[in-house]
Number of protein chains: 2
Amino acid sequence: MSRLAGSSKLLRAMNESAALELLLDPGMLTRADLRRITALSTPTISELLRRLTAAGLITVVGHDSGRPGPAAEIYAADPDAAYTVAVSIRETGTSGNPSVAAALCDLTGTIRATVETHVDFLGADPVSTVAGVVTRLRKRAGVEAGRIRHVQLGVPGSYDPRSETIRLTDVPGFGRPGLVPRIAEALGTRVGADNDVNLAAVAERRRGAGREAENFALLWIGQDGLGLAIDINGTLLRGTRGGAGEIGYVPLYSPDSPHRKIDLQDLFGGPAIMELARDHGIAGETPAAVVAAGSEEFLAVLADRVVVGLAAVTAILDPYLIVLAGPIAQAGGEALLTAVTSAFGRAAPLECSITVTAIEGDAVLLGALDAGLKAVREVLVAAIRAG
Amino acid sequence: MSRLAGSSKLLRAMNESAALELLLDPGMLTRADLRRITALSTPTISELLRRLTAAGLITVVGHDSGRPGPAAEIYAADPDAAYTVAVSIRETGTSGNPSVAAALCDLTGTIRATVETHVDFLGADPVSTVAGVVTRLRKRAGVEAGRIRHVQLGVPGSYDPRSETIRLTDVPGFGRPGLVPRIAEALGTRVGADNDVNLAAVAERRRGAGREAENFALLWIGQDGLGLAIDINGTLLRGTRGGAGEIGYVPLYSPDSPHRKIDLQDLFGGPAIMELARDHGIAGETPAAVVAAGSEEFLAVLADRVVVGLAAVTAILDPYLIVLAGPIAQAGGEALLTAVTSAFGRAAPLECSITVTAIEGDAVLLGALDAGLKAVREVLVAAIRAG
DNA sequence: TGACTGTTAAGTAGCTTTATCAATAGCCGT
DNA sequence: ACGGCTATTGATAAAGCTACTTAACAGTCA
């Protein structure tokens, strides 16, 4: 319903971008399909496809035979029209050291190359580190530099898109203002950045538990901290300074001791879980380990605490679904989920279904790929509209 | 960026609706102004204005002389093209009894008639009550029935637009499923409904403290309960079942007594405020009265409690601005605001500016008018697009 | 033969450019 | 001080352009 006016050129740009959008997202469409969806006439569709093919954006990917008449050409976006790189910066990798996971995928989302390295960010320059990873991926996949249209960064901390700075991060060097534009300059590409939890929610939306949900909240229970991502109809709620979802800071108020400041992080953050495990006599090196090994009783107490946070989220946002994610939630699995669900039913006044993440593998990296892919597609569509 | 395709007819519909939208919202535009904004050519603008005038949607409201050449005609939406009625149902009116406040305004937003009555909803039928109020307003303003294109209801409780039912309300008869469609049927108009706090936020957005804010959260501290409205870029966050902002249910967790369930309503809802006032030796009949009469010390303690809620909201949403509204916040005024601001600075880990409502008069009713007006404008624009 | 794919040709809707007329403020000369 | 002249702007009219639609047709396969 935006105010948009123009002449026949606008019409062409709109039709062309609408067709490209359709070929990018469902993909695999014949002329007849496009005709049906867009309600445009056959000659228009034909010319439109000719132009998009000439621009190298789409190709014929197959033929649909079986019906009378000649086999219909099936069109889809050309996988090699553009590439995306996702780079996930992790404070603690699987081995416990800071690590970088990265992947390169084509326009259809199939991964062409991956890289995983350990970097001591105290010594390394963030710009050249990221640039190096991108170059390595690019060479490994045999892709020329200009074809990478977007690089998506995932960082622990919050990202403020307005000032293009990463905030509240513990990774050395990444909190510096102007870092993201400098990486973009070094790479010669658009660079996006986002909170790792937000990116996990993007993955959940596209290929996980959030696929069918109109909206959901994702509670990330990580080794280092808590996080919340809020997906409203497919778009993430970021807040004014990118600080939405810093749920670890939700304060708890105790009438009996109003001056002892505690927050949700103190209630079920990593250290709190370790302490609780000790009280219950459960052995384990990491929070994930003790949750995986936890007794039913221990999980029930932990669930009571988690539900305090979930109830606050539910009362403020009323989401359709809550997804429990992050290494600790993943370690808890079904046992933790049933404990949380029953605790939620007892304690929370409103209803909401709860589930655990359906993503296998590195949710943050996959989400960064999805976000990067979306950005690339928007760039391609916008380029057509602009002419 | 929505997939939209079509022929030249679509183009005309788009241009026409864009022009109407411009004449509805800023209004008072000459042909030259429209030409500049839409980048359409003079003949197109002329014919477009001719059609809109013939449809009775716009009129010449003045002439712009002073420059050489003929005086340019100034166009704007015809105030009498459509009307809106807002009906605010209040559990406790100014006198303490359930009351209904209503107003009728034209397309430019100027109020043509108002009505305020006390209704005992235990005895009265909601459908005929609302219909009666609308008819009374209509006759008083001298408007024929067909010209009222939208009736906006404001109710205490939450509204689920999907099932078109009002939930969590204490007004007798209004929680019945199918009530809103039945009112619409009786009136022969579109009928919208919304939470009273949400509507107060709509008013704040259009004419109050939220005018400049990209987003804000409005904390309503009422005699009967707490509420939160979340405005993201001009659209309200409603939640899945319309239950977003039921902040009174945010639970508090005390590690020392985990089984005593208390929530924010217990912390600074009306009864809690009265109890706190008693502890501080402050006399007064209502929460608003004691807050208005409250000592600095009392307000400081109250502010500490309010900030618990605000800190949770800030950590989850990171709003640009928090607006304190509702009768109790209004009674507290600047004194409460300074107390809350300083308490927030001490207790909350994130920053956020706080202010009190800038609406004078019945914020809910004004918000309902604004929401109704917006709905009417959307209907008019959509009608043009449809042809 | 009939259904379906894809192209070519003619027609139409709607916008833009260009040209023209009309009106008025400001200037200038008497 | 006043009336006519000019520059500037508002609005309409005519011609041209762009992009879509409808209609007709050629080709292919069950």
Checklist entry - Given A:Arg31 and A:Ser46, is the side-chain hydrogen bond (donor to acceptor under 3.5 Å, both in side chains) satisfied, shown in steps? => result CA-CA 7 Å; A:Arg31 283 172 157 87; A:Ser46 282; 3.2 Å; yes

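Distance alone, capped at 3.5 Å, places no donor-acceptor pair between the A:Gln152 side chain and the A:Ala86 backbone.
Crowding of B:Arg149 atom CZ: a count of heavy atoms from other residues, nucleotides or ligands under 6.0 Å not exceeding 12.
Checking D:dT21, C:dA13, C:dC15 against the side-chain heavy atoms of B:Ser8 singles out C:dA13 as nearest.
Between the P atom of D:dT18 and the CZ atom of A:Arg12 lies a distance of 10 Å, rounded to the nearest Å. Atom CG of B:Leu10 is separated from atom C1' of C:dA13 by 13 Å (rounded to the nearest Å). At whole-Å resolution of the value, CG in A:Leu48 and P in D:dC20 are 7 Å apart. Note: CD1 (B:Ile45) to C1' (C:dT16) measures 12 Å, nearest angstrom. The nearest whole Å value for the distance from the CD atom in A:Glu16 to the C1' atom in D:dC20 is 14 Å. The interatomic distance linking A:Asp64 (CG) with D:dC29 (C1') rounds to 13 Å, in whole Å. Atom-to-atom, CG of A:Leu49 to C1' of C:dG6 comes out at 11 Å; the value is rounded to the nearest Å. Straight-line distance from the CG atom of B:Leu11 to the P atom of D:dC17: 19 Å, rounded to whole Å.
Of the inter-residue distances, the one linking B:Leu23 atom CG with B:Ile74 atom CD1 reads 11.5 Å to the nearest 0.5 angstrom. Expressed to the nearest 0.5 Å, how far CD1 of B:Ile58 lies from CG of B:Leu49 amounts to 4.5 Å. Atom CG in B:Leu380 sits 12.0 Å away from atom NE2 in B:His150 (nearest 0.5 Å).
In this structure, B:Ser41 reaches the C:dT16 phosphate: one of its side-chain N or O atoms is under 4.0 Å from OP1 or OP2. Distances shown here put every side-chain N or O of B:Asn15 at or beyond 4.0 Å from the OP1 or OP2 atom of C:dG14.
With B:Leu104 as reference, B:Ile148 is the one residue of B:Ile148, B:Thr84, B:Val134 to meet the side chain to side chain contact (heavy atoms under 4.5 Å, CB included) rule.
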Checklist outcome for this item: Scoring nucleotides 3-14 of chain D by protein non-hydrogen atoms under 4.0 Å (B base, S sugar-phosphate only, - none) yields -----BBSSBB-

